[in-house]
Amino acid sequence: MIVVMKPNCSEASIERILRFLEQEGLSGHLSRGVERTVIGVIGSVNVQNPPGKGVITPALGEALEAFPEVEGVFRVSKPYKLASREFHPDDSIVEVPVACVAAGKVRIGGPEVVMMAGPCTVENERQLMTTAEAVRKAGAVILRGGAFKPSTSPYGFRGLGEEGLKLLAKASREFGMAVVTEVMTPTDVPLVCEYADILQIGTRNMQNYMLLDEVGRAKKPVLLKRGMAATIEEWLLAAEYILSQGNRDVILCERGIRTFEKSTRNTMDLSAIPLVKQLSHLPIVADPSQGTGRRDLVAPMTLAAVAAGCDGLLIEVHPNPEVALKDGAQSLTTEQFAELMPRAQAVAQAIGRSFVTA
Ligand code: PEP
Ligand code: MN
C-alpha cells in the first residue's frame, strides 16, 4: 500500500503517519520525490503481532485517508513492492566510490551512463593490469573481473578465488577504478565485501534466495543479473529479496535470456531496458558480452542498449581473447574497446545523456 502525501505537506505530518504505522505494527518507507512525497507501507510477515496488527487491511487504508495531509492511499498492484515504480516514483541512484573521477564517486541511475569493463575472469596479474589500464584509458571507471566463476562444466576454470580478489584490489588502487565482481555463496559475502565495491549476482544465482538475503544485509551495492530463464517479474522479485533486507542499492543487469535461437549464446532482451524503467525505479545496466556471446555483436548491442536507455554497461575485454581462459569469443580486444567508447558516447549524446568521464 502506498500513501501519497499532499504537495508541500509538513514534516510533522509525515512523522505522524510514520508513527501511526509503527503503532499498527507496520513500517513506512519514505520516498521524497520532486513533486510528491510517498510513503510505502510494508506489512510484517512471520511476526507474532497481536491480532489485527502488522497487516495491511482496507480499514487501515481508510484510517490513513482520514489524515488531512494525505492525498490518497493506493494498493501496489505488483507482487514486488519496494522494487516497484509505484512505491518509489523517482529514479533510484546508486552511489559508488570511484577514486579516478573528480567527485570521488559515480552515480548509477542518474543522467550519466557508467562504463564497467574488464576481463570475464581474472587470470593473472599481467592480464588484469594490462586490461585495467587499457579500459581505464579508454573511459571505463569501474573494473569488472571474476574471481569466483560459475562454470557450466565442472572441468572449466572456476577462478582464482581470493587471490583474484587481491589482484582486483591492486588494480583498483593503481588505476583508481571501482571493482565489480561476482559472489557465489552466502558464506563468501564478507570476504568479497572486503575487496569489491559492487557485488555481482550471476544469472545462475538470481534465484538463490539465501544468497539474495545475505547480500541484502551487506553494506555494498549489488548488481543483480537477470536469470537466463527469468521473467521480468521474477527478476524484480529477486531484487525485492535484496531490498527487503534493507539494502536499497540494487542495480539490475540485462545479460540475455535463453531462447530457441542458437546463433547467439543468449538473446539480448533490449526491450527489458525501457520496460524495467517503467516498472521499477532501480538503475539498469546492459551486458552485451554474455548477451550475445559474440565479439562482433558486442559493439552494435552496446550502442543499442545506450539508445534504449541503459544506465551503464558491463563489457568483457581481454588483451588477447584467443588465449582467454573464459569467454574469449565474446571478449573485445583492448583496441576494439577503445574504438567503441567514442561511438557509445555519441549515442548517449544523441539521447541527451553523456558518459561518466574520469
Ligand atoms: C560474467 O559476467 O562473466 C558472468 C558469468 O555472467 P552471467 O552470470 O551473466 O553469465
Ligand atoms: Mn563472462
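Note that ligands are numbered from 1 as they come in the structure, with each ligand's atoms numbered from 1 the same way. Please read these numbers as outputs of a predicted model, since none were measured by experiment.
- A donor atom on one side chain and an acceptor atom on the other are not found under 3.5 Å apart for Glu214 and Gln245.
- When all heavy atoms are compared, the tightest approach of Thr131 to Pro119 is CG2-CD, 3.8 Å.
- In the displayed structure, Glu35 atom CD is contacted under 6.0 Å by at most 12 heavy atoms of other residues, nucleotides or ligands.
- The distance from ligand 1 to the heavy atoms of Arg255 drops below 4.0 Å at these ligand atoms: 7 (P), 9 (O), 10 (O).
- Heavy atoms of other residues, nucleotides or ligands lying less than 6.0 angstrom from NZ of Lys170 number 12 at most.
- Atoms of ligand 1 found under 4.0 Å from any heavy atom of Gly202, numbered from 1 in the order shown, are 8 (O).
- For Arg144, every heavy-atom contact with ligand 1 shorter than 4.0 Å involves the side chain, none the backbone.
- The pair Asp269-Arg255 does not meet the salt-bridge criterion, since no charged nitrogen lies less than 4.0 angstrom from a carboxylate oxygen.
- The number of heavy-atom neighbours closer than 6.0 Å to CZ of Arg158, taken from other residues, nucleotides and ligands shown, is 12 or below.
- Salt bridge Arg107/Asp311: absent, no basic N to carboxylate O contact under 4.0 Å.
- With ligand atoms numbered from 1 in the order given, ligand 1 contributes 1 (C), 2 (O) to contacts under 4.0 Å with heavy atoms of Gln200.
- Each of the following atoms of ligand 1 lies closer than 4.0 Å to a heavy atom of Cys120: 3 (O).
- Neighbouring protein atoms of the Mn ion (ligand 2) (N, O or S, distance under 2.8 Å, waters ignored): Cys120 SG, Glu316 OE2, Asp327 OD2.
- No hydrogens or angles considered: nothing links the side chains of Arg295 and Thr333 as a donor-acceptor pair under 3.5 Å.
- Close N/O approach between Arg204 and ligand 1 is found [any backbone or side-chain N/O within under 3.5 Å].
- With distances taken over non-hydrogen atoms, the option nearest atom 3 (O) of ligand 1 out of Lys149, Glu182, Gln330, Met184 is Lys149.
- At least one donor-acceptor pair under 3.5 Å links the side chain of Lys220 to the backbone N or O of Cys193.
- Other residues, nucleotides and ligands contribute at most 12 non-hydrogen atoms within 6.0 Å of the CD atom of Glu133.
- More than 12 non-hydrogen atoms from other residues, nucleotides or ligands lie less than 6.0 angstrom from CZ of Arg217.
- Looking from atom 6 (O) of ligand 1 to the surrounding protein, the closest heavy atom is Lys225 NZ, 2.9 Å.
- The protein non-hydrogen atom at the shortest distance from atom 8 (O) of ligand 1 is Thr203 N, 2.8 Å.
- Protein heavy atom nearest atom 1 (C) of ligand 1, with residue, atom name and distance: Gln290 NE2, 3.3 Å.
- Heavy atoms of Met228 found under 4.0 angstrom from ligand 1: none, in either backbone or side chain.
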